[in-house]
Amino acid sequence: MIHEGLEELKESVKDKKTLKQIERIEKLIEKLHTKSGLKLIAQGKTLKKALRTVTYEEELVKLQIELVKLQNWVYENKKRVLIIFEGRDAAGKGGAIKRFTEHLNPRRYRVVALPKPTEVEMGQFYFQRYIAQLPNPGEIVFFDRSWYNRAIVEPVFNFCTEEQYEKFMQEVPELEHAFIDDGIILIKFWFSISKKEQKKRFEERKINPLKQWKISPIDMQAQEKWDEISYYKEEMFSRTHTSYSPWIIVKSNDKKSARLESIRYVLSKIPYIGKKKSEVSLHPDPDIVQRYHRKSKQVD
């Protein structure tokens with residue numbers, strides 16, 4: 001019915017600008033007239049939200065196809081890729097990693113989310129347990145938090161001494177330089193979230209039984225220690241952002257755009273086969289993903 005009405009309207013309209021608007025409406029209706037679109041509408045979503053979700057899902061699938069190509073290139077060329085995801089609690093790191101890995105070959109990637117160190121590990125070289133998780137030839141490794149725990153979490157919650165903190169800050173740029181010099185492709189993301197949005201997500205986790213496992217005692221103090229975390233975050237950027245291992249800031253108040261643009265950034269940085277034939281833009285939005293700069297505005 002709607003399509004027939006639009007066709008009749010197009011036949012009666014001669015103005016090119018109006019015709020283009022009608023054609024745009026047709027495309028939007030086609031997007032909503034899909035299994036995903038109809039399901040969202042049935043769930044009570046507004047047309048605007050349903051359309052945004054369908055558009056996001058379409059874009060995500062296209063980017064994930066490119067990630068599969070990238071993974072094949074990494075495997076066939078014995079490359080080693082390490083992608084670090086850092087950020088405040090509830091910034092969306094885990095959700096982004098899930099979208100990165102959703103359709104990858106599970107034998108050729110790993111997600112590393114290390115628990116707190118054991119008594120034995122506490123007596124080892126600080127980086128030792130992380131070095132053991134570095135990518136093998138042909139593998140992509142995703143770190144859901146990393147050695148940068150010592151840059152922010154540990155000093156804020158007194159899990160390390162000032163001497164240990166300073167030693168780490170001096171060593172980490174040199175260590176990352178050694179990794180890169182040895183051929184590891186290293187990307188460091190900081191998912192940036194506002195205090196207001198973090199609070200909102202914490203409240204959602206408290207009432208959602210499927211997400212309550214995500215809340216830890218440390219998470220509950222995140223809002224109280226916001227300013228202290230901000231201080232150490234800026235120190236980390238200032239002392240570990242280098243030309244060879246830069247920090248990439250991802251504005252993540254909007255989870256969907258953060259996921260899409262972080263994937264797009266990785267695709268843009270690795271010269272995999274088939275990249276030029278991509279059916280989706282591989283240029284990340286500079287308003288969402290940007291290289292750290294002292295003068296750049298951050299939401300956190």
Side-chain angles (χ1 to χ4, degrees), residues 71 74 78-89 91-98 100-101 104 106-191 214 216 218-219 229 232-233 235-250 262 265-266 269-270 292:
Q71 186 188 39
V74 169
K78 305 300 180 186
K79 299 294 183 180
R80 292 170 290 162
V81 178
L82 175 60
I83 307 175
I84 290 175
F85 291 78
E86 290 287 349
R88 295 179 190 263
D89 298 315
K93 302 179 294 296
I97 292 172
K98 181 180 178 181
F100 265 90
T101 62
L104 296 183
R107 297 182 184 84
R108 299 175 185 174
Y109 81 83
R110 282 182 290 124
V111 176
V112 176
L114 297 182
K116 66 179 183 179
T118 63
E119 190 174 340
V120 172
E121 288 173 332
M122 288 177 71
Q124 296 174 344
F125 174 49
Y126 178 75
F127 294 97
Q128 188 168 331
R129 69 189 193 128
Y130 294 104
I131 290 173
Q133 300 294 337
L134 292 178
N136 296 310
E139 188 178 43
I140 304 173
V141 171
F142 301 85
F143 270 23
D144 187 349
R145 293 197 181 280
S146 66
W147 45 77
Y148 281 104
N149 273 334
R150 178 146 290 183
I152 299 178
V153 176
E154 291 189 23
V156 168
F157 292 95
N158 298 314
F159 294 156
C160 69
T161 65
E162 284 189 25
E163 184 181 356
Q164 288 173 326
Y165 169 77
E166 282 299 327
K167 187 171 185 291
F168 168 84
M169 296 299 277
Q170 291 172 20
E171 291 176 340
V172 70
E174 295 179 10
L175 194 68
E176 289 179 358
H177 188 277
F179 294 159
I180 294 165
D181 193 49
D182 195 55
I184 291 177
I185 297 171
L186 174 61
I187 293 173
K188 301 189 302 192
F189 283 129
W190 175 269
F191 276 59
K214 292 186 176 183
S216 70
I218 289 179
D219 292 341
I229 291 170
Y232 281 103
K233 178 200 72 169
E235 282 292 299
M236 179 186 75
F237 287 158
S238 178
R239 299 174 66 176
T240 67
H241 173 78
T242 61
S243 59
Y244 52 85
S245 181
W247 276 104
I248 306 303
I249 313 299
V250 181
S262 58
Y265 178 84
V266 170
K269 290 298 175 182
I270 299 178
Y292 168 75

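Quick note: residue numbers are just sequence positions, from 1.
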query: Any sub-3.5 Å donor-acceptor pair from R80's side-chain atoms to D182's backbone N or O?
result: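 It does hold such a pair.
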
message: Measuring from atom CG of L104 to atom CD1 of I140, what distance do you get when rounded to the nearest 0.5 angstrom?
response: 6.0 Å

- prompt: Does a salt bridge link D89 with R145, judged by any charged N lying under 4.0 Å from a carboxylate O?
  reply: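 Judged by the 4.0 Å cut-off on N to carboxylate O distance, D89 and R145 do form a salt bridge.
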
Between [X] and [Y], how do the two ring planes meet: parallel, tilted or perpendicular, split at 30° and 60°?
X	Y	result
F143	Y130	tilted
F237	W190	perpendicular
F189	F191	perpendicular
F168	F127	parallel

Pairs of donor and acceptor atoms involving the side chains of residues 114-124, under 3.5 Å and at least two apart or interchain, shall be tabulated with distances.
| residue | atom | partner | partner atom | Å |
| --- | --- | --- | --- | --- |
| T118 | OG1 | E121 | N | 3.1 |
| E121 | OE1 | T118 | N | 2.9 |

query: Do K167 and Y126 pass the side chain to side chain donor-acceptor pair (under 3.5 Å) test, and can you show the C-alpha distance, the side-chain angles, and the key distance before you say yes or no?
result: CA-CA 10 Å; K167 187 171 185 291; Y126 178 75; over 6 Å; no

query: Can you name the residues that form a salt bridge (Lys or Arg N to Asp or Glu O under 4.0 Å) with K79, not counting sequence neighbours?
result: none

query: When Y148 is tested against each of E86, K188, E154 for side-chain hydrogen bond (donor to acceptor under 3.5 Å, both in side chains), which residue passes?
result: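 Exactly one candidate clears the test, K188.
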
message: Just to verify, which of V266, I97, I248, L186 counts as forming a side-chain contact (heavy atoms from CB on, under 4.5 Å) with I83?
response: V266

task: Take F100 and F85 through the ring pair (Phe, Tyr, Trp, His ring centres under 6.0 Å) test and state the conclusion after the steps.
output: CA-CA 12 Å; F100 265 90; F85 291 78; 5.5 Å; yes

message: Once salt bridge (charged side-chain N to carboxylate O under 4.0 Å, His left out) is applied, what residue pairs with a partner in residues 130-139 remain, sequence neighbours excluded?
response: R110-E139

